[in-house]
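Lettering follows sequence order; numbering is per chain, from 1.
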Amino acid sequence: MRWSRFYLFTTREVPKDAEVVSHQLMVRTGMIRKTAAGIYSYLPLGWRSLSKLMAIVRRELGVAGSVELTMPAIQPSELWKESGRWAEYGKELLRMDDRHGRDFCFGPTHEEVVTDIVRKDITSYRQLPVNLYQIQVKFRDEIRPRFGLMRGREFLMKDAYSFHAGEDSLEDAYEAMGAAYERIFEACGLDFIRVEADSGAIGGSASHEFMVVADTGESLVLRCEGCGYGANQEKAETKGLEAPERRSEAADATVVPTPGKTTVEDVAQFLGVEPQRVVKTILYRTETGPVAALVRGDREVNSVKLKNLLGVQDLELAEQDLVEQVSGAPVGYAGPIGLDGVRLIADRSVEGVTAFVCGANQPDAHWVGASLARDVHLDRFEDILLVGGGDPCPSCGKPLTISHGIEVGHIFKLGTKYSEPMGCSFLDDQGESHPMTMGCYGLGIGRTVAAAIEQNHDEKGVVWPLPLAPFEALVVPLNMNDANVVGTADSIYQALLEKGVDALLDDRKERPGVKFNDADLIGVPIRVVVGSKSLANDQVELSLRRDGEKKLVPIAKVAEAVLDEIVGESPRPKS
RNA sequence: CGGGGCGUAGCUCAGCCUGGUAGAGUGCACGGUUCGGGGCCGUGAGGUCGGAGGUUCAAAUCCUCUCGCCCCGACCA
């Protein structure tokens with residue numbers, strides 16, 4: 001491709017609405033253009049990188065046994081009503097109606113559509129398993145789209161769905177897809193981790209996320225350096241926290257005034273105890289009534305764990321009125337002692353806490369010297385703890401580290417969540433009908449490319465890993481008025497094309513400085529600079545964007561040398 | 001959904017408080033110079049000041065409404 005005929009316009013200015021590097025660079029390099037909030041056009045340079053990723057995805061999913069199709073972006077409400085999600089899915093679902101007043105939505109995901117397809121074709125266990133995928137534009141009406149392609153409203157996603165006669169078959173597909181994801185992200189040169197994720201209250205028996213470690217990531221992941229355990233924060237467990245020092249417990253707990261002390265920190269300081277000795281009582285509202293969650297004062301409740309444990313649909317922090325109604329005191333003074341008519345769920349972190357402090361269920365007062373055994377009767381302790389960095393690993397006990405991650409892929413064992421209500425069933429060898437067991441597998445195309453930039457850039461611009469680079473090599477003639485320079489550059493460019501190298505020729509009549517800066521910005525991995533000085537010795541300059549080291553190469557051997565670099569840059573299989 | 005901020009040239013922004021001829025840098029066009037890291041000199045084109053209404057002799061500037069965009073928050077008692 002000749003730059004002068006390509007559609008590629010870089011900018012020096014950083015767009016004011018771009019906060020993260022990947023967004024800034026994608027705009028500055030002319031990869032994307034915002035069309036509306038959270039909605040982007042993919043310009044030619046960006047589309048080339050996205051296409052490279054899509055090619056890798058197609059290749060690896062083929063290996064995993066998934067078959068490509070394309071489903072409609074616009075979906076009829078009937079299917080969503082069948083699965084129940086028309087009512088469940090909130091405002092993120094973009095709904096619309098047609099001229100006849102029929103309801104539709106712009107698909108944020110395609111479980112309903114694919115299930116509808118499969119139930120019409122598959123009737124026997126002999127036809128299973130089935131594994132289908134598509135790469136398609138989706139829409140989720142996010143409250144706050146941000147970070148460019150990282151969290152857009154419209155986005156490109158690969159989504160795959162598998163259908164099985166049973167758990168074993170699902171397990172096979174799940175592993176095959178997980179392995180494919182690892183190959184894909186490895187091919188992209190990404191530093192990623194696979195972590196356990198929450199699989200929700202309904203259906204799913206397992207779920208993993210693929211996270212790219214980056215400070216700009218919006219998710220939190222916990223990892224163990226020791227044994228390789230990894231989980232996102234919603235799912236993460238811990239071996240058990242060290243209990244605060246035991247205290248002998250007085251005969252009775254007493255209520256003390258704590259005027260205006262509504263936070264654990266304030267109460268602990270006011271009473272002169274460690275926050276670990278406070279038991280925190282958090283009230284939630286659910287569709288099955290209020291719930292009180294107990295957690296050690298220095299820790300937080302993991303509401304996802306709590307929600308799963310209770311098996312409820314809705315779980316939200318109780319509003320002020322409900323808190324007063326349930327605890328008889330304003331927010332800040334709830335406690336487990338004498339808290340009637342509310343389900344009490346205690347985290348394991350409170351188990352060993354003796355002589356503790358807790359809210360007295362009356363305004364401006366707390367209990368001190370309370371005892372679990374004497375004052376609160378709890379049958380058991382649950383895991384509803386939000387695990388943090390430093391907590392012991394659940395499998396080996398070493399301290400976990402916490403980091404931000406960008407979720408680039410998510411694989412999920414769905415079970416029969418969709419197949420059952422939608423009647424997607426098959427006959428087994430006994431002639432009995434069963435709903436199919438399903439898996440689904442998502443991979444964010446735009447987000448993965450953004451993550452790759454997030455992880456591969458310097459102060460001058462993008463430093464593309466070769467597999468995702470929009471071009472593999474850039475040929476830069478420095479002086480467009482020098483016929484020899486232009487001619488040599490052109491013949492090198494042609495030679496590269498003949499060898500199958502994805503090459504870009506910067507044939508613009510620009511000053512060298514402009515060309516160098518643009519070259520650094522767009523980050524093409526291999527650069528061939530043709531200048532009159534080295535040309536005098538029949539040499540050109542070859543360098544890699546990654547390290548910038550220049551070496552002189554005879555003109556006749558340039559194409560060969562570029563090929564060598566491409567081979568050298570290609571990811572090697574991990575042993 | 002709550003709070004805050006911003007909409008002025010293609011882009012980044014001044015001007016608004018204190019009403020009176022629409023500005024800079026960059027980009028773009030043309031000419032010259034330069035030709036290995038966004039060089040220099042000159043000339044020029046380019047703006048319904050987001051939109052509507054109001055106040056005023058006069059509104060980018062003050063008031064009201066509206067649209068768009070951005071940021072923060074949306075929970076730990």
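Straight-line distance from the CG atom of D17(A) to the C1' atom of C11(B): 12 Å, rounded to whole Å. Taking atom CG of L535(A) as the reference point, atom P of G36(B) lies 13 Å away to the nearest angstrom. If you take CG of L474(A) and C1' of G37(B), they are 14 Å apart, rounded to a whole angstrom. As a whole-Å value, the separation of E142(A) CD from C1(B) C1' is 16 Å. Atom CZ in F9(A) sits roughly 22 Å away from atom P in G38(B) (whole-Å rounding). A straight line from CG of L322(A) to C1' of C75(B) spans 14 Å, rounded to a whole angstrom. As rounded to whole Å, 13 Å separates atom C1' of U12(B) from atom CD of Q24(A). Distance K16(A) NZ to G7(B) P: 7 Å, rounded to the nearest Å.
Going from the P atom of G25(B) to that of U43(B) covers 12 Å, rounded to whole Å. A77(B) and U64(B) have their C1' atoms separated by 42 Å, with the value rounded to a whole Å. Taking atom P in both C16(B) and G50(B), one finds a spacing of 15 Å when rounded to whole Å. Comparing the C1' positions of C11(B) and C28(B) gives a spacing of 11 Å, expressed to the nearest Å. Nucleotides G27(B) and G46(B) are separated by 11 Å at their C1' atoms, to the nearest Å. Rounded to a whole angstrom, the distance from the P atom of G39(B) to that of A74(B) is 46 Å. Comparing the P positions of C49(B) and U21(B) gives an interatomic distance of 14 Å, to the nearest angstrom. Separation of the P atoms belonging to U48(B) and U8(B) is 12 Å when rounded to the nearest angstrom.
Proximity of a side-chain donor or acceptor of D347(A) to a complementary backbone N or O of L385(A) within less than 3.5 Å is detected. Side chain of K515(A) to main chain of D506(A): a donor-acceptor pair is present (N/O by atom type, distance under 3.5 Å, no hydrogens or angles). Although no hydrogens or angles enter the test, the distance criterion places a donor-acceptor pair under 3.5 Å between the side chain of N302(A) and the main chain of E234(A).
Mapping N517(A) and G38(A) onto RNA chain B by nearest heavy atom places N517(A) at the nucleotide closer to the 5' end. Between E319(A) and V514(A), the one whose closest nucleotide on RNA chain B sits nearer the 5' end is V514(A).
A salt bridge (charged side-chain N to carboxylate O under 4.0 Å, His left out) with D391(A) holds for exactly one of R348(A), R296(A), R299(A), K239(A); it is R299(A). If you run ring-ring contact (aromatic ring centres under 6.0 Å, His included) between F471(A) and each of F6(A), W464(A), Y493(A), only F6(A) comes through.
Comparing G38(B), A77(B), G36(B) by their closest approach to the side chain of V323(A) singles out A77(B). Residue A37(A) places its side chain closer to C69(B) than to any other of G37(B), U12(B), C69(B). Closest to the K34(A) side chain, of the nucleotides G36(B), G37(B), C70(B), is C70(B). For V529(A), whose side chain is taken as the heavy atoms from C-beta onward, the closest listed nucleotide among G38(B), G36(B), A77(B) is G36(B).
Of the nucleotides present, none pairs with C17(B) by Watson-Crick or G-U wobble criteria with both distances under 3.5 Å. In a base pair of the Watson-Crick type (N1 to N3 plus N6-O4 or O6-N4) or a G-U wobble (N1-O2 and O6-N3), with each distance short of 3.5 Å, G31(B) is matched with C41(B). The nucleotide G36(B) finds no pairing partner, because no Watson-Crick or G-U wobble arrangement with both distances shorter than 3.5 Å includes it. In a base pair of the Watson-Crick type (N1 to N3 plus N6-O4 or O6-N4) or a G-U wobble (N1-O2 and O6-N3), with each distance short of 3.5 Å, G2(B) is matched with C72(B). In this structure, A58(B) forms no base pair with any nucleotide, since neither Watson-Crick nor G-U wobble geometry is met with both distances under 3.5 Å.
The residues E319(A) and R285(A) are annotated as salt-bridged, a charged nitrogen and a carboxylate oxygen being separated by less than 4.0 angstrom. In summary, D518(A) and R508(A) engage in a salt bridge, as defined by a charged side-chain N under 4.0 Å from a carboxylate O.
Note: Y40(A) and Y42(A) fail the aromatic proximity criterion, with ring centroids not under 6.0 Å apart.
Annotation for D458(A): atom CG counts as buried by contact number, over 12 foreign heavy atoms lying within 6.0 Å.
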Problem set entry | Protein-to-nucleotide contact annotation, 5' to 3' order, nucleotides 25-35 of chain B [B base; S sugar-phosphate only; - none; under 4.0 Å, heavy atom] | BSS------BB

